[in-house]
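Computed from a predicted model, the values in this text were never measured in an experiment. Every chain is numbered from 1, with letters handed out A, B, ... down the list of sequences.
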Amino acid sequence: MTVVTRFAPSPTGYLHIGGARTALFNWLYARHHGGSYRLRVEDTDRKRSTEDAVEKIISGLDWLGLQDDGEPVFQSQNFDRHVAVAEQLLAEGKAYHCYCSPEELTEMREAARAEGRTRLYDRRWRDRDPADASADVAPSVRVKMPVEGETVIADLIQGEVRVDNDNLDDFIILRPDGTPTYMLAVVIDDHDMGVTHIIRGDDHLNNAFRQYHVFETLGWQVPEFAHMSLIHGSDGAKLSKRHGALGVEAYHDMGILPAAMRNYLLRLGWSHGDDEIISTEQAIEWFDLSAVGRAPARFDMDKLTNLNGHYIRESNDGDLVALILPIVAELLGAPVDEAAKTRLLAGIGGLKERAKNLNELAETALFYCRERPLPLTEKATKLLDGEARDNLTALAGILADIGSWDKEALEAGVREFAEAKDLKLGQIAQPLRAALTGSTVSPGIFEVMVALDRAETLARIRTSKA
RNA sequence: GUCCCCUUCGUCUAGUGGCCUAGGACAACGGCCUCUCACGCCGUAAACACGGGUUCGAGUCCCGUAGGGGACGCCA
């Protein structure tokens, strides 16, 4: 049996972090087993679904690098099929018309709750003659759930979960207006798509019991279930828009790398011994549902940030430059010219050691791209006092004649100069840094000089005196 | 309220009856490195929710309590 998994978001908003993790786990599980991973948009609720949300979700998944196999399925397109199945159920006596008005149902629900019952619908139309109905109520269609016994689900993550069947409502599968509900549609679509493993959030665990019986009553093979616990905010509550759950594009905007996000999400609830840094290839090889934890996890930005720094350091220089170029141009308010790009590429290695996200990387890269004279920070200005300027002028003379323009030679030259002046290296290096970068913080000053090259270095020393 | 699920350092977690005087990672703190800032390295502090069992032995198994979460829609 080939594994088929699916991620089935409803397009009512952006792709948040919890959905992203669900998608990741589904993707990983399918990849691990050489199966396929599908995307299904659950847009049965036409009122709340939007085109924009669909687009956001797909671009979010795209950014994360979770490509689905085959075309996405839109649940609403299977409308006729859903209705046909409901009618079949009706014909077979496995479903029935319910003539309750919304008011009646609310009343019933309140009464049930007051009496401490879990099942909120009392099955009053299950065996009643439709002739009893008042003509002005359009009926909905409900499926029959078993009345006795218990339902047991062997959940791949939660283990054996059981519930008394008496707690299961005969729920609505067709609204009075004839449209199918989610509970019916999921089952049909999962079956039609050949989904073998339903991996989704814990908030669906209760639905699984109901869906189980729909599969059964239809005579279809019930897929495996795996319910993963939800991601909580730092306050311990389910992550929601109100609880600061951000769309994945927000993390893109924060300069987070998809690889870092994948690694972070993977370790939230899943583990492989003490391993922390796990490449996607390695994750595919190792991923297993049995290693998924049952307890909810809290989202921790610090750890994501740390991981992101790691992946930035590991990134290829050219890729990083390409990623930050647009950001740099925006900060600059002008496109980056070729000379600046060359300097940037030469200097990015030193920069990436220090960055936690792409935005920070772009900001620290600015000095390579700016035109002379460089703006100076307040601290940098202070460093460049009269004495420091005199020293730099003298140093420039030496630098102009230095043999080969590499780190070692430059360091040797500057150290020699400092010693001759009876100064510590820092007393020369700091003003030099101020002149070359406009700041007191930068990568090693000798690598900066190499990235800048001789002409630009000397020019910056000269113009910093202005 | 009812049903379902969960409970190891602040956070993510390792741990599947003896290897645990509980390990790793992030964060915190201290130090080293050093031309600044990072990186890196070394170190410190920090947890088995509680109570009963079972067992020669329990973080690990069972029961209960407490706490937390999720679900209770003609939403998905």
Side-chain angles (χ1 to χ4, degrees), chain A residues 8-12 42-45 47-49 75 98 100-102 105-106 109 112-121 138 140-142 155 157-159 161-164 167-169 171-177 179 181-183 185-186 201-209 227 229-230 232 234 236-238 264 267-277 293-307 309-310 313 350-356 364 379 383 411 414-415 418 424-434 437 439-446 448:
Chain A
S10 60
T12 52
E42 311 250 302
D43 56 350
T44 3
D45 187 349
K47 279 168 267 172
R48 295 207 291 170
S49 303
Q75 191 154 64
C98 167
C100 289
S101 65
L105 289 171
T106 308
R109 226 174 275 136
R113 225 169 268 200
E115 287 169 40
R117 274 185 283 116
T118 302
R119 183 169 50 78
L120 269 18
Y121 175 69
S140 56
V141 176
R142 312 185 89 114
D155 192 278
I157 292 173
Q158 300 294 337
V161 186
R162 51 184 69 221
V163 72
D164 277 341
N167 291 328
L168 267 26
D169 273 303
F171 57 89
I172 293 179
I173 55 176
L174 236 44
R175 301 184 183 96
D177 66 0
T179 58
T181 60
Y182 157 82
M183 284 291 242
V186 242
D202 219 344
D203 48 344
H204 283 284
L205 186 55
N206 288 292
N207 293 335
F209 294 114
H227 290 92
S229 54
L230 304 172
H232 288 173
S234 43
K238 178 183 178 180
Y264 176 72
R267 282 289 288 105
L268 216 52
W270 179 86
S271 60
H272 184 271
D274 284 338
D275 295 305
E276 295 287 348
I277 305 286
R294 278 182 285 266
R298 298 187 188 206
F299 183 78
D300 180 14
M301 191 64 202
D302 282 338
K303 192 148 181 176
L304 209 209
T305 301
N306 173 274
L307 240 17
H310 170 85
R313 270 170 256 135
L351 257 20
K352 73 180 180 185
E353 296 293 322
R354 296 160 168 78
K356 298 223 173 296
T364 58
K379 282 181 184 170
L383 275 175
E411 176 157 3
V414 174
R415 277 187 190 279
K424 284 196 280 190
L425 181 59
Q427 289 172 285
I428 294 298
Q430 276 304 84
L432 185 56
R433 169 170 285 114
T437 72
S439 157
T440 54
V441 178
S442 85
I445 199 60
F446 306 112
V448 169

Closest to the side chain of Ser271(A), out of A14(B), G24(B), A76(B), is A14(B)

Regarding the side chain of Leu268(A), the nearest nucleotide among C12(B), A76(B), C74(B) is C12(B)

message: Counting C-beta onward and ignoring hydrogens, is there a side-chain heavy-atom pair between Ser10(A) and Tyr182(A) closer than 4.5 Å?
response: no

(request) Would you mind classifying the nucleic acid contact of Glu276(A) as base, sugar-phosphate or nothing, using non-hydrogen atoms under 4.0 angstrom? (result) base

Across every strand shown, the nucleotide meeting Watson-Crick or G-U wobble geometry with C72(B) (both distances under 3.5 Å) is G1(B)

Closest to the side chain of Asp302(A), out of G24(B), A27(B), U11(B), is A27(B)

Looking at Arg294(A), does any N or O in its side chain come under 4.0 Å of the phosphate oxygens OP1/OP2 on C6(B)?
-> yes

What interatomic distance, in whole Å, is found between C1' of G70(B) and the corresponding atom of A76(B)?
15 Å

I'd like to know if the side chain of Arg433(A) reaches the main chain of Pro443(A), judged simply by a donor and an acceptor atom lying under 3.5 Å from each other, with no hydrogens or angles considered. yes

Checking N1-N3 plus N6-O4 or O6-N4 for Watson-Crick, or N1-O2 and O6-N3 for wobble, each under 3.5 Å, the partner of A28(B) is U44(B)

Among A76(B), C6(B), A27(B), the one nearest any side-chain atom of Asn306(A) is A27(B)

Between G15(B) and A58(B), how far is it from one C1' atom to the other, in whole Å?
13 Å

To the nearest angstrom, the CD-P distance between Gln75(A) and A76(B) comes to 8 Å

Under 4.0 Å from OP1 or OP2 of G40(B): is there any side-chain N or O of Arg313(A) that close? yes

**Request:** Using the C1' atoms only, state how far G30(B) lies from G23(B), rounded to an integer number of Å.
**Result:** 22 Å

| task | Using modelled atom types only, decide if a donor and an acceptor are shared between the side chain of Asp300(A) and the backbone of Asp302(A) within a distance under 3.5 Å. | result | yes

Re C33(B): Watson-Crick or G-U wobble partner, both distances kept under 3.5 Å, found to be none

For Asp155(A) and His227(A) the tightest heavy-atom approach is OD2-ND1, 2.6 Å

Arg298(A) CZ to C6(B) P, in whole Å, measures 17 Å

Nucleotides 31-37 of chain B: which of its N/O atoms have a protein N/O under 3.5 Å away?
residue: C35(B); atom: OP1; partner: Arg415(A); partner atom: NH2; Å: 2.9
residue: C35(B); atom: O2; partner: Arg433(A); partner atom: NH1; Å: 3.1
residue: C35(B); atom: O2; partner: Arg433(A); partner atom: NH2; Å: 2.7
residue: C35(B); atom: N3; partner: Ile445(A); partner atom: N; Å: 3.2
residue: U36(B); atom: O4'; partner: Gln430(A); partner atom: OE1; Å: 3.2
residue: U36(B); atom: O2'; partner: Thr440(A); partner atom: O; Å: 3.2
residue: U36(B); atom: N1; partner: Arg433(A); partner atom: NH1; Å: 3.3
residue: U36(B); atom: O2; partner: Ser442(A); partner atom: N; Å: 2.8
residue: U36(B); atom: O2; partner: Ser442(A); partner atom: O; Å: 3.1
residue: U36(B); atom: N3; partner: Arg433(A); partner atom: NH2; Å: 3.1
residue: U36(B); atom: N3; partner: Ser442(A); partner atom: O; Å: 2.5
residue: U36(B); atom: O4; partner: Arg433(A); partner atom: NH2; Å: 3.4
residue: U36(B); atom: O4; partner: Gly444(A); partner atom: N; Å: 3.2
residue: C37(B); atom: O2; partner: Arg354(A); partner atom: NE; Å: 2.6
residue: C37(B); atom: N3; partner: Arg354(A); partner atom: NE; Å: 3.1
residue: C37(B); atom: N3; partner: Arg354(A); partner atom: NH2; Å: 3.0

Closest of A27(B), A76(B), G73(B) to the Leu120(A) side chain is G73(B)

Paired to A58(B) by Watson-Crick or G-U wobble criteria (both distances under 3.5 Å) is none

All heavy atoms of Thr440(A) vs all of Gln430(A), minimum pair found to be O-NE2, 3.5 Å

note: Asp155(A), atom CG; C6(B), atom C1'; distance rounded to Å ~ 13 Å

Rounding to the closest angstrom, what is the interatomic distance between C56(B) and G67(B) at atom C1'?
34 Å

Of the candidates A76(B), A71(B), C12(B), the side chain of Arg267(A) sits closest to C12(B)

Whether Tyr264(A) and Phe299(A) hold their rings parallel, tilted or perpendicular, with breakpoints at 30° and 60°: perpendicular

Does any N or O donor sit under 3.5 Å from an N or O acceptor when you compare the side chain of Asn207(A) with the base of A76(B)?
yes

Closest of C5(B), C4(B), C12(B) to the Asn206(A) side chain is C4(B)

| message | I'd like the C1' distance from U55(B) over to C61(B), given in whole Å. | response | 10 Å

- Message: Measuring to OP1 and OP2 of G73(B), would you say a side-chain N or O of Arg142(A) lies under 4.0 angstrom away?
- Response: no

* Asked: Under the 3.5 Å rule, do the base of A27(B) and the side chain of Lys303(A) count as making a donor-acceptor pair?
  -> no

Comparing nearest nucleotides in RNA chain B, the 5'-proximal residue of the pair Glu353(A), Ser10(A) is Glu353(A)

What one should report as the nearest heavy-atom pair of Asn306(A) and Arg313(A) is O-NH2, 4.4 Å

**Q.** Pairwise P distance for C48(B) and G59(B), with rounding to whole Å
**A.** 11 Å

Here the distance between atom P of C12(B) and atom CE of Met301(A), to the nearest Å, is 16 Å

| task | Quick one: label Thr44(A) by what it contacts on the DNA or RNA (base, sugar-phosphate, nothing), any heavy atom closer than 4.0 Å. | result | sugar-phosphate

Rounded to whole angstrom, note down the C1' distance from U21(B) over to G1(B). 47 Å

To the nearest angstrom, the OH-P distance between Tyr182(A) and C74(B) comes to 15 Å

- prompt: How is Pro296(A) classified with respect to the nucleic acid when contacts are heavy atoms under 4.0 Å: base, sugar-phosphate, or nothing?
  reply: sugar-phosphate

Mate of U65(B) across any strand shown (Watson-Crick or G-U wobble, both atom pairs under 3.5 Å) is A49(B)

Closest non-hydrogen contact found for Ile277(A) with His310(A) is CG2-NE2, 3.4 Å

Arg162(A) CZ to C5(B) C1', in whole Å, measures 15 Å

| message | Categorize Cys98(A) for me: base, sugar-phosphate, or nothing, with a 4.0 angstrom heavy-atom threshold over every strand shown. | response | nothing

Quick one: label Leu105(A) by what it contacts on the DNA or RNA (base, sugar-phosphate, nothing), any heavy atom closer than 4.0 Å. base

His227(A) near the nucleic acid: base, sugar-phosphate alone, or nothing, with a heavy-atom cut-off under 4.0 Å?
nothing

message: Does C74(B) have OP1 or OP2 under 4.0 Å away from a side-chain N or O of Arg109(A)?
response: yes

Practice task
For A28(B) versus G10(B), give the span between their C1' atoms, rounded off to a whole number of Å.
Solution key: 9 Å

Leu351(A) atom CG is separated from C39(B) atom P, nearest whole Å, by 15 Å

5'-most contact on RNA chain B (nearest-nucleotide basis), Thr179(A) vs Asn167(A), goes to Asn167(A)

Rounded to whole Å, the CD1-C1' distance (Ile157(A) to G70(B)) equals 15 Å

Report yes if a donor N or O on one partner sits less than 3.5 Å from an acceptor N or O on the other, where the partners are the side chain of Asp274(A) and the base of G23(B); otherwise report no. yes

Those residues at least two apart in sequence (or on a different chain) that pass side-chain hydrogen bond (donor to acceptor under 3.5 Å, both in side chains) with Asp275(A) are His272(A)

